[in-house]
*Asks:* 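Would you mind keeping the following structure in view while I ask a few things?
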Amino acid sequence: MNDRGPVQHRHKVPIAVFDFDGTIIDGQSSVALVLLLIRKRLMSLPEAVPVGWWGLRYKLHLPHEQYEVRSRVFEKLLPLTVDEVDRLCDELYRKKLVPEMREQAVNIIERYKSHGVEVLIVSASFESIISRVARGLGVHQISTKMKVKDNHYTPELAAAPVEGYEKPHQLKEWANERYGEGGWRLVAAYGDHHTDIPLLSMAEHGYAVEPDWLLGQMAKSEGWTVLRWRKHVSESQRDLLLARDDELR
């Protein structure tokens with residue numbers, strides 16, 4: 001009886017999950033995408049002001065709604081084909097997101113992988129962005145999908161956005177489908193925002209990365225580790241991420 005539990009436990013696939021914005025990356029991919037659209041003259045400065053206001057509210061941990069950004073951004077992307085949007089996301093990943101990834105996040109992800117832990121990014125951000133991040137890091141991903149019509153991304157969601165309680169819900173669906181119910185365990189979860197609390201609560205070990213006040217308080221209450229990750233990737237790490245992305249294109 002005493003031996004059976006540990007054996008069963010060892011045979012469950014270990015999984016570690018990471019939020020992306022504010023956790024792996026020091027910033028917001030949605031805001032970075034808007035800045036790219038401005039540089040490409042696909043969005044004007046006045047049109048970008050509400051998105052900037054959203055980003056400020058997020059940074060200050062004030063009430064905000066992700067759909068505000070999604071609807072405005074995808075209205076501007078609607079004239080572009082799926083391939084054209086995906087190329088924009090490639091440029092965003094390589095020129096903006098990779099340099100702002102946190103060195104500690106990349107290191108711990110590589111460490112998990114080397115020890116046979118399955119790593120996922122679970123993010124509310126657009127799938128075309130997160131799929132490139134996951135490809136570069138060599139991990140899996142669950143992210144927000146937009147509907148496609150006539151070879152154009154639309155402002156409509158294809159499924160529930162991957163935020164709040166949807167994060168653990170969609171993670172369970174993904175892992176159960178892949179490994180079967182009872183065939184996996186969530187060994188660690190990393191997040192920066194209070195909306196990541198449901199995900200961290202599900203894990204054996206929760207990690208609050210540069211947390212907002214509410215997540216910081218929850219971390220104290222639950223005994224979660226608070227991490228101060230403030231260093232961006234090194235030049236060698238950046239080159240490795242870009243080289244891996246090139247290989248998998």
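FYI, the numbering just counts along the sequence from 1. Computed over heavy atoms, backbone and side chain alike; hydrogens, waters and symmetry mates excluded.
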*Asks:* Tell me, please, which residues at least two apart from W184 pass side chain to side chain donor-acceptor pair (under 3.5 Å).
*Replies:* N176
*Asks:* A188: which residues meet the side-chain contact (heavy atoms from CB on, under 4.5 Å) condition with it, sequence neighbours left out?
*Replies:*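 Residues passing side-chain contact (heavy atoms from CB on, under 4.5 Å) with A188: A16, Y112, Y190, Y207.
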*Asks:* Can you list everything that forms a salt bridge (Lys or Arg N to Asp or Glu O under 4.0 Å) with R178? Sequence neighbours excluded, please.
*Replies:* E118
*Asks:* With sequence neighbours excluded, give me every ring-ring contact (aromatic ring centres under 6.0 Å, His included) pair touching residues 134-159.
*Replies:*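 Qualifying pairs: F126-Y153, H140-W174.
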*Asks:* Can we say K12 and E204 salt-bridge, meaning some charged N sits less than 4.0 Å from an Asp/Glu carboxylate O?
*Replies:*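 Between E204 and K12 there is no salt bridge, as every charged N stays at least 4.0 Å from the carboxylate O atoms.
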*Asks:* Within the side chain of T144, is there an N or O that forms a donor-acceptor pair under 3.5 Å with the backbone of A124?
*Replies:*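 Side chain of T144 to backbone of A124, a donor-acceptor pair under 3.5 Å: yes, one is there.
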*Asks:* Would a single hydrophobic cluster contain both L242 and M101, if residues Ile, Leu, Val, Met, Phe, Trp and Tyr are joined by side-chain heavy-atom contacts under 4.5 Å?
*Replies:* yes
*Asks:* What pairs with R132 under salt bridge (Lys or Arg N to Asp or Glu O under 4.0 Å), at least two apart in sequence or on another chain?
*Replies:* D90
*Asks:* Pairs in or reaching into residues 217-227: which pass side-chain hydrogen bond (donor to acceptor under 3.5 Å, both in side chains), with residues at least two apart or in two chains?
*Replies:* none
*Asks:* Examine the side chains of N151 and T81 and answer whether a donor and an acceptor come within less than 3.5 Å of each other.
*Replies:*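 Short answer, no.
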*Asks:* What pairs with S131 under side-chain contact (heavy atoms from CB on, under 4.5 Å), at least two apart in sequence or on another chain?
*Replies:*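 Partners of S131 by the side-chain contact (heavy atoms from CB on, under 4.5 Å) criterion, ordered by chain and then number, come out as Q141.
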*Asks:* Which residues satisfy the side-chain contact (heavy atoms from CB on, under 4.5 Å) test with E166, sequence neighbours excluded?
*Replies:*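 Residues passing side-chain contact (heavy atoms from CB on, under 4.5 Å) with E166: A160, H169, Q170.
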*Asks:* Indicate every side-chain donor-acceptor pair of residues 33-42 with a distance under 3.5 Å to a residue at least two apart or in another chain.
*Replies:*
from : atom 1 : to  : atom 2 : distance (Å)
K40  : NZ     : E91 : OE1    : 3.0
K40  : NZ     : E91 : OE2    : 3.3

*Asks:* State which residues pass side-chain contact (heavy atoms from CB on, under 4.5 Å) with E235; sequence neighbours excluded, sorted by chain then number.
*Replies:*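 Only R238, D239 meet the side-chain contact (heavy atoms from CB on, under 4.5 Å) criterion with E235.
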*Asks:* Test: side-chain hydrogen bond (donor to acceptor under 3.5 Å, both in side chains). Region: residues 97-106. Which pairs qualify, not counting sequence neighbours?
*Replies:* D26-R102, K96-E100
*Asks:* Let me check something: do V82 and L78 share a hydrophobic cluster, defined by ILVMFWY side-chain heavy atoms less than 4.5 Å apart, either directly or through other members?
*Replies:* no
*Asks:* If you look only at pairs with a residue in residues 84-111, which of them pass as a ring-ring contact (aromatic ring centres under 6.0 Å, His included), with sequence neighbours excluded?
*Replies:*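 Residue pairs passing ring-ring contact (aromatic ring centres under 6.0 Å, His included), neighbours aside: none found.
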